[in-house]
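The structure under discussion appears below in the form of structure tokens.
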Amino acid sequence: MNVDAILRTKGTDVATTRPDATLADVAQVLSEKKIGALVASADGATVDGIVSERDIVRKIAEHGAAALNMSIGDAMTRDVVTCTRKDSLQDLMSTMSGRRIRHLPVVEDGQLCGMVSIGDVVKLRLEEVESEAEALRGFITGG
């Protein structure tokens, strides 16, 4: 299983925001879309950064309510870890757990083409384990 299998199921739409948006703007979008992160992109196609709920909370802890008026350029992660459609589920699990990352933009030829969350990875892995268990039960029972 790989990233492409996840994208075939969930689609390739990615919520983005401009790097000059405020943290309040981003918090509103995250809440409305019920997601945990937005890709920051000036053109909607390349990755300039990523901003998550965690980033917003950290800035509020540092600066209080005034942080909500800051641009996400001051809060986002600029050195974004990404993946490709060919990356395996095992690679994603290793990267996400090892680096404590919950969202990975999918990038091919420098262009944003999807987003994978830890929830997507867990869901696909559970389906994979259930399928393997069913196959083993069938083998054992001769069915």
Side-chain angles (χ1 to χ4, degrees), residues 1-140:
M1 291 286 195
N2 60 19
V3 171
D4 194 54
I6 294 172
L7 295 181
R8 281 194 311 266
T9 301
K10 76 175 281 187
T12 58
D13 288 341
V14 181
T16 63
T17 187
R18 294 189 47 81
D20 58 355
T22 66
L23 291 181
D25 296 333
V26 170
Q28 183 67 37
V29 172
L30 293 175
S31 177
E32 287 171 1
K33 293 185 178 283
K34 296 181 174 130
I35 56 176
L38 288 175
V39 171
S41 176
D43 63 8
T46 57
V47 178
D48 298 323
I50 190 167
V51 62
S52 71
E53 296 163 322
R54 250 185 227 172
D55 297 322
I56 295 170
V57 168
R58 286 183 181 134
K59 285 299 177 184
I60 292 171
E62 289 174 27
H63 302 282
L68 294 173
N69 294 319
M70 296 172 73
S71 82
I72 64 160
D74 297 326
M76 71 184 184
T77 300
R78 293 178 187 276
D79 186 19
V80 181
V81 177
T82 64
C83 63
T84 69
R85 290 177 177 271
K86 295 178 185 173
D87 287 334
S88 72
L89 204 58
Q90 188 65 35
D91 291 339
L92 292 183
M93 289 188 297
S94 178
T95 298
M96 292 174 123
S97 63
R99 299 187 82 167
R100 301 180 62 105
I101 298 171
R102 295 181 298 161
H103 301 88
L104 287 176
V106 183
V107 176
E108 298 268 325
D109 298 322
Q111 300 295 299
L112 182 62
C113 61
M115 176 81 95
V116 178
S117 73
I118 191 70
D120 299 327
V121 173
V122 168
K123 179 182 176 189
L124 189 60
R125 182 63 184 132
L126 285 174
E127 290 171 3
E128 194 175 57
V129 168
E130 288 172 8
S131 178
E132 290 169 359
E134 187 60 36
L136 284 173
R137 278 192 287 277
F139 177 75
I140 292 169

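As the structure is a computational prediction, the values presented were derived from the model and not from experiment. Heads up: numbering here begins at 1 and tracks the sequence.
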Heavy-atom pair with the smallest gap, counting every atom of Gln111 and Ala45: OE1-CB, 3.2 Å
Working for side chain to side chain contact (heavy atoms under 4.5 Å, CB included), residues Glu127 and Lys123: CA-CA 6 Å; Glu127 290 171 3; Lys123 179 182 176 189; 3.4 Å; yes
Min side-chain heavy-atom separation Pro105-Val80 under 4.5 Å: yes
Salt bridge (Lys or Arg N to Asp or Glu O under 4.0 Å) assessment of Lys59 paired with Asp55: CA-CA 6 Å; Lys59 285 299 177 184; Asp55 297 322; over 6 Å; no
Spatial distance of atom NZ (Lys86) from atom CG (Asn2) [nearest 0.5 Å]: 10.0 Å
Val47 and Val107, any side-chain heavy atoms less than 4.5 Å apart: yes
Partner set under side-chain contact (heavy atoms from CB on, under 4.5 Å) for Ala27, not counting sequence neighbours: Ile56
Any donor-acceptor pair under 3.5 Å from Thr12 side chain to Gly114 backbone: no
Ala75 versus Leu23, closest heavy-atom pair with distance: CB-CD2, 3.7 Å
Shortest non-hydrogen separation from Pro19 to Met76 and the atoms involved: CB-CE, 4.5 Å
Asp120 and Ser117: side chain donor to acceptor below 3.5 Å: yes
Atom pair NZ/CG of Lys10 and Leu124 - distance to nearest 0.5 Å: 11.5 Å
Approximate separation, where rounding is to 0.5 Å, of Ile50 CD1 and Ser41 OG: 11.5 Å
Nearest-0.5 Å distance, CG of residue Leu112 to CG of residue Asp13: 10.5 Å
Worked check of side chain to side chain contact (heavy atoms under 4.5 Å, CB included) between Thr17 and Asp25: CA-CA 9 Å; Thr17 187; Asp25 296 333; 5.8 Å; no
Worked check of side chain to side chain contact (heavy atoms under 4.5 Å, CB included) between Thr95 and Cys83: CA-CA 9 Å; Thr95 298; Cys83 63; over 6 Å; no
Shortest non-hydrogen separation from Leu7 to Cys113 and the atoms involved: CD1-O, 4.0 Å
Test item: Leu89 and Val121 side chains (from C-beta on) under 4.5 Å apart, heavy atoms: yes
Asp48 (side chain) donor-acceptor with Ala42 (main chain) under 3.5 angstrom: yes
Heavy-atom closest pair, residues Arg78 and Gly73: NH2-O, 2.6 Å
Spacing of Arg54 atom CZ and Thr77 atom OG1 [to the nearest 0.5 Å]: 10.0 Å
Interatomic distance, Leu38 atom CG to Glu53 atom CD [nearest 0.5 angstrom]: 9.5 Å
Any Asp87 side-chain heavy atom under 4.5 Å of Leu104 side chain: no
Thr22 and Met70, any side-chain heavy atoms less than 4.5 Å apart: no
